[in-house]
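Scroll down for the structure; my scribbles are underneath it.
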Amino acid sequence: MPLLTLIVSLLLPAARAETVTVYTSANFAPLVIDGTRGIYYEAIDYLNKQATDGTSFRLAYLPRKRLQMRLEDGTLDGVVIGMMPQWFDDVAQKKYLWTTAFAIDHFVLVSRAERPVQMDVPQGLAGKSIGLTLGYVYPGIDEWIQRHGLQRQDAMSEEINLEKLRRGRIDCVAVSESAARYFVRLHGLHGSLTFVDLPGRATERRFLVPLGRIDLFDKLAPIVKRMREDPLWLRMTSKYQ
């Protein structure tokens with residue numbers, strides 16, 4: 001009996017261990033870089049360091065439309081990183097379980113310094129081309145674009161939009177400030193691009209957990225809650241700023 005008890009006690013933690021897939025539809029720096037590194041990979045590494053019950057996490061890419069569809073039909077076998085309730089029509093947080101934010105970002109309007117797009121001259125915005133990411137909604141910003149008559153041009157990522165702007169193929173880009181600043185630093189474009197804050201609330205990067213996985217939420221939420229103030233996390237992400 002003592003031997004049997006020992007075997008069972010050793011097997012139970014292994015039985016409880018789980019590998020959780022963390023999905024993202026982001027494919028742009030600094031969130032995801034070359035499919036191997038970036039802030040979201042750092043987040044997965046952080047979670048794996050903090051998990052104490054044998055749970056492990058792995059990052060996987062899923063296009064936004066497929067991600068939305070699998071969430072809505074209940075077939076998503078994991079959690080989602082970097083989202084906020086407003087993007088999923090869940091302001092009341094009744095459709096999904098949401099952690100606190102592990103990062104705060106906001107959107108800026110980026111244009112070329114030699115031809116800046118001036119938000120304080122609304123009559124000059126009509127007809128300007130603005131780069132946005134295909135399949136994404138921008139609460140507050142979408143209404144601003146329609147009101148001022150800008151022409152939306154979608155691309156597969158924020159990085160592609162910034163490259164189009166650099167080459168003069170569009171007039172401006174609505175993009176997260178973290179992506180814009182990383183792009184400027186990467187390409188040595190200091191002084192070449194101008195940033196102006198866009199209307200709309202700040203972007204809260206949270207984890208979304210399906211309602212049926214409250215057990216997983218209870219493991220994840222306490223880790224994420226202390227994440228933003230943890231010196232370890234701040235060191236891990238400092239290289240992307």
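With respect to Q68, the side chain to side chain donor-acceptor pair (under 3.5 Å) criterion is satisfied by exactly one of K65, E72, R66: E72. When V175, L198, L193 are each tested for a side-chain contact (heavy atoms from CB on, under 4.5 Å) with V108, only one passes: V175.
A donor-acceptor pair under 3.5 Å is formed between the side chain of S111 and the backbone N or O of V117. With hydrogens and angles ignored, the 3.5 Å screen pairs no side-chain donor or acceptor of E158 with any backbone N or O of T133. At least one donor-acceptor pair under 3.5 Å links the side chain of D90 to the backbone N or O of K94. Under the 3.5 Å distance criterion, the side-chain polar atoms of T194 are left unmatched by any main-chain donor or acceptor of A113. The backbone N or O of P222 lies less than 3.5 Å from a partner atom in the side chain of R226, making a donor-acceptor pair. Without hydrogens or angle criteria, Y41 side chain to G35 main chain gives a donor-acceptor distance under 3.5 Å. Side-chain N or O atoms of D73 include one that pairs as donor or acceptor with a backbone N or O of T75 at under 3.5 Å. Although no hydrogens or angles enter the test, the distance criterion places a donor-acceptor pair under 3.5 Å between the side chain of R112 and the main chain of L165. Side chain of D171 to main chain of K128: no donor-acceptor pair is present (N/O by atom type, distance under 3.5 Å, no hydrogens or angles). At distances below 3.5 Å, at least one donor-acceptor pair connects side-chain atoms of R185 with backbone N or O atoms of Q241.
Between T99 and A221 the shortest heavy-atom distance is CG2-CA, 4.2 Å. F195 approaches A180 most closely through the heavy-atom pair CZ-CB, 3.6 Å. Residues T19 and S56 approach most closely at OG1-OG, 3.1 Å, considering heavy atoms. Of all the heavy atoms in D154 and R152, the pair that sits closest is OD1-NE, 2.5 Å. Taking all atoms of both residues into account, the shortest heavy-atom contact from P30 to S178 is CD-O, 3.7 Å. Of all heavy-atom pairs spanning Y40 and A26, the tightest one is CE1-CB, 4.0 Å.
A cation-pi arrangement is present between R70 and Y23 under the rule of less than 6.0 angstrom and at most 45 degrees off the ring axis.
Separation of atoms NE2 (H106) and CD (E177) is listed at 4.0 Å; rounding is to 0.5 Å. Note: L62 CG to M69 CE = 8.5 Å, rounded to the nearest 0.5 Å. Between E229 atom CD and L234 atom CG the span is 7.0 Å, to the nearest 0.5 Å. Atom SG in C172 sits 5.5 Å away from atom CG in L150 (nearest 0.5 Å). In this structure, CZ in R206 is found 8.0 Å from CD1 in I104, a value given to the nearest 0.5 Å. Note that CG of L97 and CG of L220 are 10.5 Å apart. Values are rounded to the nearest 0.5 Å.
Taking the six-membered ring where tryptophan is involved, the planes of Y136 and Y138 are tilted, since the angle between them lies from 30° to 60°. Y96 and F88 have perpendicular rings, their planes meeting at more than 60° on a 0 to 90° scale where under 30° would count as parallel.
A donor and an acceptor atom, one from each side chain of T36 and D34, are nowhere located under 3.5 Å apart. When only modelled atom types and interatomic distance are considered, Y240 and E42 share a side-chain donor-acceptor pair under 3.5 Å. Side-chain atoms of T21 and R58 form a donor-acceptor pair, as typed in the model, at a separation below 3.5 Å. Under the 3.5 Å distance criterion, with hydrogens and angles disregarded, no donor-acceptor pair is assigned to the side chains of T100 and K225.
Both I170 and F183 sit in one connected hydrophobic cluster of ILVMFWY residues. Membership requires side-chain heavy atoms under 4.5 Å apart, directly or through other members. Put simply, F28 and V137 are part of two different groups of oily side chains (I, L, V, M, F, W, Y) that touch within less than 4.5 Å, one to the next. Linking Ile, Leu, Val, Met, Phe, Trp and Tyr residues whenever their side-chain heavy atoms come within less than 4.5 Å places L216 and L211 in a single cluster.
Ion pairing between E163 and R167 holds under the 4.0 Å rule for side-chain N and carboxylate O. Salt bridge D230/R228: absent, no basic N to carboxylate O contact under 4.0 Å.
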Report task. Check the pair E159 / K164 against salt bridge (Lys or Arg N to Asp or Glu O under 4.0 Å), numbers first and verdict last. Result -> CA-CA 9 Å; E159 193 171 16; K164 287 170 66 177; over 6 Å; no
Report task. For side chain to side chain contact (heavy atoms under 4.5 Å, CB included), just list the numbers for L208 and W98, CA-CA rounded to whole Å, side-chain angles, deciding distance to a tenth of an Å, and then say yes or no. Result -> CA-CA 5 Å; L208 176 161; W98 295 91; 3.4 Å; yes
Report task. Mind running side chain to side chain contact (heavy atoms under 4.5 Å, CB included) on L132 and Q153 for me, showing each step along the way? Result -> CA-CA 6 Å; L132 297 170; Q153 292 192 16; over 6 Å; no
Report task. Output, in order, the C-alpha distance, side-chain angles, deciding distance and verdict of side chain to side chain contact (heavy atoms under 4.5 Å, CB included) for V173 and I130. Result -> CA-CA 5 Å; V173 173; I130 182 169; 5.8 Å; no
Query - F207 and F102: CA distance, side-chain angles, deciding distance, ring pair (Phe, Tyr, Trp, His ring centres under 6.0 Å) verdict - result: CA-CA 8 Å; F207 287 86; F102 65 89; 5.2 Å; yes
Query raised in the report: For Q50 and L232, what are the C-alpha separation, side-chain angles and deciding distance, and is it a side chain to side chain contact (heavy atoms under 4.5 Å, CB included)?
Result: CA-CA 11 Å; Q50 299 298 315; L232 172 61; 3.9 Å; yes
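Counting non-hydrogen atoms of neighbouring residues, nucleotides and ligands closer than 6.0 angstrom, the CG atom of D77 exceeds 12 such neighbours.
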